[in-house]
Amino acid sequence: MSAQPFAQPLAESAGSLAHSLGQPLAASLVQSVDWLAVAPPLIAAVVALGVLVADLFLPEARKAALGWISVAGLAAAALMLLPLLDGDRATFCLNGTPRACSYTADHFTLVIQFLVLGGALLAALLSITTLDDDRRRVPPGEFWFLLLSATAGAALLPASRDLATLIVALEVASLPAFALVGIRYGDRRSSEAALKFFLSSVTATAVSLMGVSFVYASTGTLYLTQVAQRLPDTAGQLHILAQAGVVLTLIGFAFKTAAVPFHFWVPDTYVGAPLPVAAYLSVVGKAVGFSGLILVTVVAFPSYADVWGPALAVLAALTMTVGNVGALRQQATRAHSAVRLLAWSSVGQAGYLLVPIAAAGYAEDGRKAIGSTVAYALMYAVVNLGAFAVAAVVGRSRARNRISDYRGLYATNPVTALLLAFFLLCLAGLPPGIIGLFAKVTVFSAAVDAGLGWLAVVMAVNVVIALFYYLQWTALLFRAPEGEVVRHRVPAPLTAAIALAGVAGVALSGAPQLVLRFAATGLF
């Protein structure tokens, strides 16, 4: 019996099915890419690969050029933010209603990417001098590849609008950072710091992934906007699963922001890492954690504001208190006490950054409230990188980098001492550091407007505690030097980093509205 009569109808049926189902499915899977929108993180990633390949062929004497190539690549990535200022752009989107995208270059994204790329650029300038001084123990090709790779992940994260992309970006930003912390050959302190950083970050990732999987199981989507729509309507048997997913996701990101009690890795990691890497982690690493926390709370989980709002308020109070008390306890003559003080100070500053996010849980428009966090983060990034740059100058001649080593710095390096004093006063929130004062006022106002009077009181007490150790260090700069006077030679890359941070800090203090308008208008 011939099979032809049966084959013909089967072929027609398959063709009809392909026409009716195959074409729409293919059309929904094929997406156009907005290359301009993805240009900033893409440039950083491409330059990272280029540096890694170039390292294979360049002779040892010419590998210093890799640093300047990396600086140029970061500057080019930052310049690509300018064409994106004309309006919001999105790519990797679902072709349906409502429209959901994996990558969005909106106002929030551009501001955080500017912070990330600018902070990485200053850290790269610090690194050029460090690699010249420590060339035998730090391989330049691997160092620049890791720094650029981490920066590419950090620049991708604020643009991520689905949970999968968010976690991938978080890990691309974190994994190279582990290697950067422990990159010095034969340094036991560096290896120990890298191990602590690795274990804490892996724990955070595991908790975050479990939380994300629970959220996906209860909502059936990974897109942040769709998660926000479906979470309030989860079925009764899935409600507990959704709650557990929200809590676990928030705990994972609390690790990344170094919020208490997940801060234990910070002091030892900053001391053990090369100083430019510590500077990078203190600014860019924080930007990664806080931008991710903002996205999952304000964008994805607004219906659970009654859960994460009070939790973040308590975390903010604990974090600023433990950080400032830890900084206050640093002894001036202890080895690496200057870096330790900056590390504990960064924990305290993380507490201030958490306040507006907590306030967003109580405000009617939570997206507007987080503008205060971004305004404070921009101020903190500029002045903290400047303080680390001066610490790198002193550390060149004083390897133990104690606070007491800064005594009489004005007598030997007056401009450097004045700039460090300015940076410390900005962190303290005192004139002439006007931008630091105004940034603290906006955070304080966010707490008061949200009805968190108790948190505003805790913040005021912590500001007073911080004044003591910041002013104590500032006063030490202008005392008469003890013993042999050491003149600190400042190489050109370090000079450029200090000058850029100083100019930016002075400009923002003269025109604080450039930053503070974010607190007034919001970012989304």
Side-chain angles (χ1 to χ4, degrees), residues 200 204 250-267 269-270 281-283 285-294 297-298 308-330 340-362 369-381 383-384 387 424 426-430 436-450 452-470 519:
S200 63
L250 292 178
I251 290 175
F253 278 96
F255 267 100
K256 298 295 184 180
T257 60
V260 173
F262 314 117
H263 68 293
F264 53 86
W265 56 272
V266 174
T269 298
Y270 283 23
L281 292 176
S282 73
V283 171
K286 270 193 173 45
V288 168
F290 278 97
S291 56
L293 186 62
I294 288 169
T297 53
V298 178
W308 55 258
L312 291 181
V314 173
L315 281 181
L318 287 174
T319 302
M320 65 177 75
T321 303
V322 172
N324 285 315
V325 171
L328 187 65
R329 295 182 59 194
Q330 296 307 306
R340 284 190 176 274
L341 189 147
L342 289 174
W344 282 108
S345 166
S346 74
V347 174
Q349 300 288 343
Y352 303 146
L353 288 165
L354 281 170
V355 170
I357 307 177
Y362 294 84
I370 56 94
S372 298
T373 287
V374 176
Y376 196 93
L378 288 170
M379 178 282 301
Y380 168 77
V383 298
N384 205 61
L424 294 175
C426 283
L427 290 171
L430 288 177
L437 174 62
F438 282 5
K440 279 186 169 57
V441 169
T442 61
V443 171
F444 189 86
S445 299
V448 173
D449 293 342
L452 294 171
W454 68 270
L455 185 56
V457 172
V458 172
M459 180 180 173
V461 172
N462 275 278
V463 168
V464 174
I465 295 174
L467 284 177
F468 181 81
Y469 62 79
Y470 284 132

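Sequential numbering from 1 along the given sequence is applied to the chain's residues. Note that the structure is predicted; figures quoted are calculated from it, not measured.
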In a table with atom names and distances, give each donor-acceptor pair under 3.5 Å that connects a side chain of residues 352-359 to protein atoms at least two apart or in another chain.
unit_1	atom_1	unit_2	atom_2	d
Y352	OH	N324	ND2	3.2

Original post:
So which heavy atom on W308 is nearest to which on A360, and how close?
Top reply: CH2-C, 3.9 Å
Original post:
Just wondering, do V260 and F262 contact through their side chains at under 4.5 Å, heavy atoms?
Top reply: no
Original post:
Which pair of non-hydrogen atoms, one from S346 and one from K286, has the smallest distance, and what is that distance?
Top reply: O-CE, 3.0 Å
**OP:** Begin from the C-alpha positions of L293 and L250 and carry the test side chain to side chain contact (heavy atoms under 4.5 Å, CB included) through to its verdict.
**Re:** CA-CA 7 Å; L293 186 62; L250 292 178; 4.0 Å; yes
**OP:** Please report the closest heavy-atom contact between L315 and P261, naming both atoms and the distance.
**Re:** CD2-CD, 4.2 Å
Original post:
Considering residues at least two apart in sequence or located in another chain, which fulfil the side-chain hydrogen bond (donor to acceptor under 3.5 Å, both in side chains) criterion with Q349?
Top reply: Y376, Y470
Original post:
Where is the tightest heavy-atom contact between G351 and M320, given as atom of each residue plus distance?
Top reply: O-CE, 3.7 Å
**OP:** Could you check if a side-chain atom of I370 sits within less than 4.5 angstrom of a side-chain atom of T297, using non-hydrogen atoms only?
**Re:** no
Original post:
What is the distance from atom CG of L467 to atom CG of L424, rounded to the nearest 0.5 Å?
Top reply: 12.0 Å
**OP:** Please say whether more than 12 non-hydrogen atoms of neighbouring residues, nucleotides or ligands are located less than 6.0 Å from CZ in F264.
**Re:** yes
Subject >> Heavy-atom check, side chain of L342 versus side chain of Y270, under 4.5 Å >> reply: no
**OP:** State the CZ-CZ distance between F438 and F444, to the nearest 0.5 angstrom.
**Re:** 15.5 Å
**OP:** List for me each residue that meets side-chain hydrogen bond (donor to acceptor under 3.5 Å, both in side chains) alongside Y380, sequence neighbours excluded, and say none if there are none.
**Re:** N384
Original post:
Can you name the residues that form a ring pair (Phe, Tyr, Trp, His ring centres under 6.0 Å) with W344, not counting sequence neighbours?
Top reply: H263
Original post:
Can you list the residues that meet the side-chain hydrogen bond (donor to acceptor under 3.5 Å, both in side chains) rule with S200, with sequence neighbours excluded?
Top reply: none
Subject >> Shortest non-hydrogen contact between T319 and A258, atoms and distance >> reply: CG2-O, 4.2 Å
Original post:
Any donor-acceptor pair under 3.5 Å linking the side chain of T257 with the backbone of A254?
Top reply: yes
Original post:
Considering residues at least two apart in sequence or located in another chain, which fulfil the salt bridge (Lys or Arg N to Asp or Glu O under 4.0 Å) criterion with K440?
Top reply: none
**OP:** Heavy atoms only: give me the nearest G289-F253 pair and the separation to one decimal.
**Re:** O-CD2, 4.0 Å
